[in-house]
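Input: a single structure, listed below in C-alpha cells.
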Amino acid sequence: MVVGAAQGTRNPMSKVLVVGAAGMLGTDVMSVLEHHNPRGVTRGELDITVADQVQRAVQGFDVVVNCAAYTRVDDAETDRDQAFAINSDGVANLARAAKTEGSRLIHLSTDYVFDGQGTTPLAEDAPTGGLSVYGESKRAGEENLLEIYSSGGIILRTSWLYGLHGPSFPRTILKAGREREQLQVVNDQVGQPTWTLDVAHMISMVIDSSVSSGVFHATNAGQATWWDFAQRIFRAAGWYPERIVPTTTDKFPRPAPRPAWSVLGHDNWAAYGFPAPRDWTEAFDEAWATQLHTLITEDS
Ligand SMILES: NC(=O)c1ccc[n+]([C@@H]2O[C@H](COP(=O)([O-])OP(=O)(O)OC[C@H]3O[C@@H](n4cnc5c(N)ncnc54)[C@H](OP(=O)(O)O)[C@@H]3O)[C@@H](O)[C@H]2O)c1
C-alpha cells in the first residue's frame with residue numbers, strides 16, 4: 001500500500017488549469033471544478049507535446065489537471081510514436097513545467113498500465129506491465145511523472161470510463177440495441193464501469209485536500225463484466241436484457257489485447273481519509289436518470 005500524509009484541507013480557492021478540457025472526462029472536470037473558476041485548454045490551445053507551450057501555459061497555476069491523452073487503444077498499435085509522444089513525452093513536459101512552477105500535477109492514468117491478470121483488486125503499488133502500446137505509453141507517462149516530479153505528482157488511475165461527452169460503452173450498446181435484435185457481449189473481462197462525473201468529484205476532493213503526491217485509484221467500486229454492464233444498460237432502457245448473449249474475448253479479436261482483470265483497489269484512497277467510492281451500479285443508475293437516458297434516441 002502507498003501511504004502518505006494525512007488528508008487536510010487547503011485554501012478553498014486554487015488556481016486550476018485543466019488540460020484536455022474538451023475530452024469526455026475533461027468536460028465534466030470543468031463543470032465540477034466550477035467553484036475554482038478553472039481555466040480549461042483544448043488541444044488547439046495547448047499541445048502537450050510542445051515543451052515551451054506547456055511551460056508558458058502552466059505559469060501562475062497552483063494545480064494542473066491532465067485529462068489530455070492519446071486514447072484510441074486499437075489505433076495506438078500502429079501509431080506508437082504519437083501514442084508515446086502524447087502519453088509519455090507530453091506528461092514529462094507537464095511534469096517539468098509543474099515542477100518549475102511548484103504546482104501540483106494531477107495526472108489521469110489507466111488500468112491498462114497493469115498486465116490484466118488477477119483475481120483480487122489491484123493495489124496502487126502492484127507491479128505494472130502494460131499489455132498494449134496504449135498501456136505501455138501510459139505506463140511510461142506515469143514513470144516520467146514519478147521520476148521528474150515525485151514530490152508534486154498525483155496519479156489517478158481510472159478505468160472503463162463512460163460519460164455524456166464522448167464515445168462510450170453505453171452509447172455503443174444503445175446504438176447496437178436500436179439496430180440489432182440480438183447482441184453478443186464479452187463476459188470474460190472483469191472491471192469497474194466508472195462514471196466521469198464521479199471521477200471529476202474525486203479530482204475535486206484531491207484538489208481541496210492537502211495531498212501533494214501519490215498514486216490513487218479513481219474508479220467506482222464493485223466489479224462487472226461488459227456483459228453485466230450491457231445488461232444494466234438494457235434494463236435501464238426498458239429493453240429485454242435477454243437480447244444480449246454472453247460471449248468470450250477470443251471471438252472478437254482486436255488489434256490491441258484487452259485486460260481480463262481490471263478491478264482496482266482503493267486502499268490508498270481510504271488511507272488518506274477520502275470517502276469510499278460508491279458502487280458502479282449506484283453511479284450508473286444516477287448517470288442514467290440524470291444524463292444517459294437521453295442517449296436512447298440519440299442519432300449517432
Ligand atoms: N475512456 C476510458 O475508458 C478511460 C479509461 C481509463 C483511463 N482513461 C484515461 O482518462 C483520461 C481522460 O480520458 P477521456 O476518455 O476523457 O479521453 P478523451 O475523450 O479522448 O479526451 C482526451 C483529450 O485529450 C486531447 N489531446 C490529445 N492529444 C493532445 C495533445 N497532444 N495535447 C493536448 N490535448 C490533447 C484530445 O483532443 P482531440 O480529441 O482534439 O485529439 C481530447 O480532447 C486519459 O488520461 C485516459 O487515458 C480513460
Side-chain angles (χ1 to χ4, degrees), residues 17-32 40-54 57-58 64-76 79 81-94 97 105-114 116 122 128 130-142 144-145 153-172 189 191-200 202-203 215-220 224 226 229 256 258-259 262-264 280 287:
L17 176 70
V18 178
V19 182
M24 180 169 71
L25 179 62
T27 305
D28 279 344
V29 169
M30 286 301 291
S31 73
V32 167
V41 283
T42 64
R43 186 179 191 160
E45 295 162 312
L46 173 64
D47 180 342
I48 62 168
T49 65
V50 184
D52 58 339
Q53 267 188 32
V54 176
V58 165
V64 178
V65 182
N66 179 32
C67 297
Y70 183 112
T71 55
R72 298 189 309 277
V73 173
D74 286 326
D75 292 350
D79 198 11
D81 288 353
Q82 264 301 298
F84 270 79
I86 296 167
N87 293 345
S88 174
D89 304 345
V91 179
N93 289 338
L94 285 163
L105 174 56
I106 300 177
H107 169 63
L108 274 298
S109 191
T110 170
D111 55 303
Y112 275 63
V113 299
F114 293 114
L122 292 156
T128 54
L131 283 179
S132 57
V133 170
Y134 168 73
E136 281 302 332
S137 68
K138 292 291 289 186
R139 184 165 82 127
E142 288 192 1
N144 282 342
L145 176 50
I154 301 163
I155 293 171
L156 297 187
R157 294 191 190 119
T158 190
S159 76
W160 292 28
L161 273 189
Y162 63 89
L164 190 61
H165 307 288
S168 67
F169 185 73
R171 198 168 238 127
T172 304
Q189 295 171 30
Q192 289 158 317
T194 296
W195 189 19
T196 44
L197 266 180
D198 279 17
V199 178
M202 292 174 93
I203 292 169
V215 180
F216 299 88
H217 289 163
T219 60
N220 282 127
W226 291 112
F229 191 15
R258 294 317 198 248
S262 278
V263 178
L264 306 185
W280 75 270

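When a ligand or atom number is given, it counts from 1 through the structure's own listing order. Note that the numbering runs from 1 along the sequence shown for the chain.
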Return yes or no for this condition: an N or O of N66 is under 3.5 Å from an N or O of ligand 1. no

Does S159 come within less than 4.0 Å of ligand 1, judged by its heavy atoms? yes

Please work out, at 4.0 Å between heavy atoms, whether the side chain, the backbone, both, or neither of A68 comes within that distance of ligand 1. both

Look only at interatomic distance and state if Y70 has a nitrogen or oxygen under 3.5 Å from any nitrogen or oxygen of ligand 1. no

So which atom in V50 and which in N93 form the shortest heavy-atom distance, rounded to 0.1 Å? N-ND2, 4.0 Å

For S31, which residues count as a side-chain hydrogen bond (donor to acceptor under 3.5 Å, both in side chains) partner, sequence neighbours excluded? none

N/O of Y134 under 3.5 Å from N/O of ligand 1, yes or no? yes

C67 touching ligand 1 at heavy-atom level, < 4.0 angstrom: yes

Are W226 and F169 an aromatic pair by the rule of ring centers under 6.0 Å? yes

Does any N/O atom on L25 come nearer than 3.5 Å to any N/O atom on ligand 1? yes

Atoms of ligand 1 under 4.0 Å from any heavy atom of L108, numbered from 1 in the order shown, are 11 (C), 45 (O)

Closer than 4.0 Å to some heavy atom of K138 - which atoms of ligand 1 meet that? 44 (C), 45 (O), 46 (C), 47 (O)

Which ligand 1 atoms are under 4.0 Å away from a heavy-atom of D47? 30 (C), 31 (N), 32 (N)

What do you reckon, does R43 have a nitrogen or oxygen under 3.5 Å from a nitrogen or oxygen of ligand 1? yes

Please determine if A69 has a nitrogen or oxygen closer than 3.5 Å to a nitrogen or oxygen of ligand 1. yes

Close N or O approach (M24, ligand 1; < 3.5 Å): yes

Give a yes/no on ligand 1: does S109 have at least one heavy atom closer than 4.0 angstrom to it? yes

Less than 3.5 Å between some nitrogen or oxygen of I48 and one of ligand 1, yes or no? yes

for atom 48 (C) of ligand 1, nearest protein heavy atom and its distance come out as L161 CD1, 3.7 Å

Basic-acidic side-chain contact under 4.0 Å: K138, D111: no

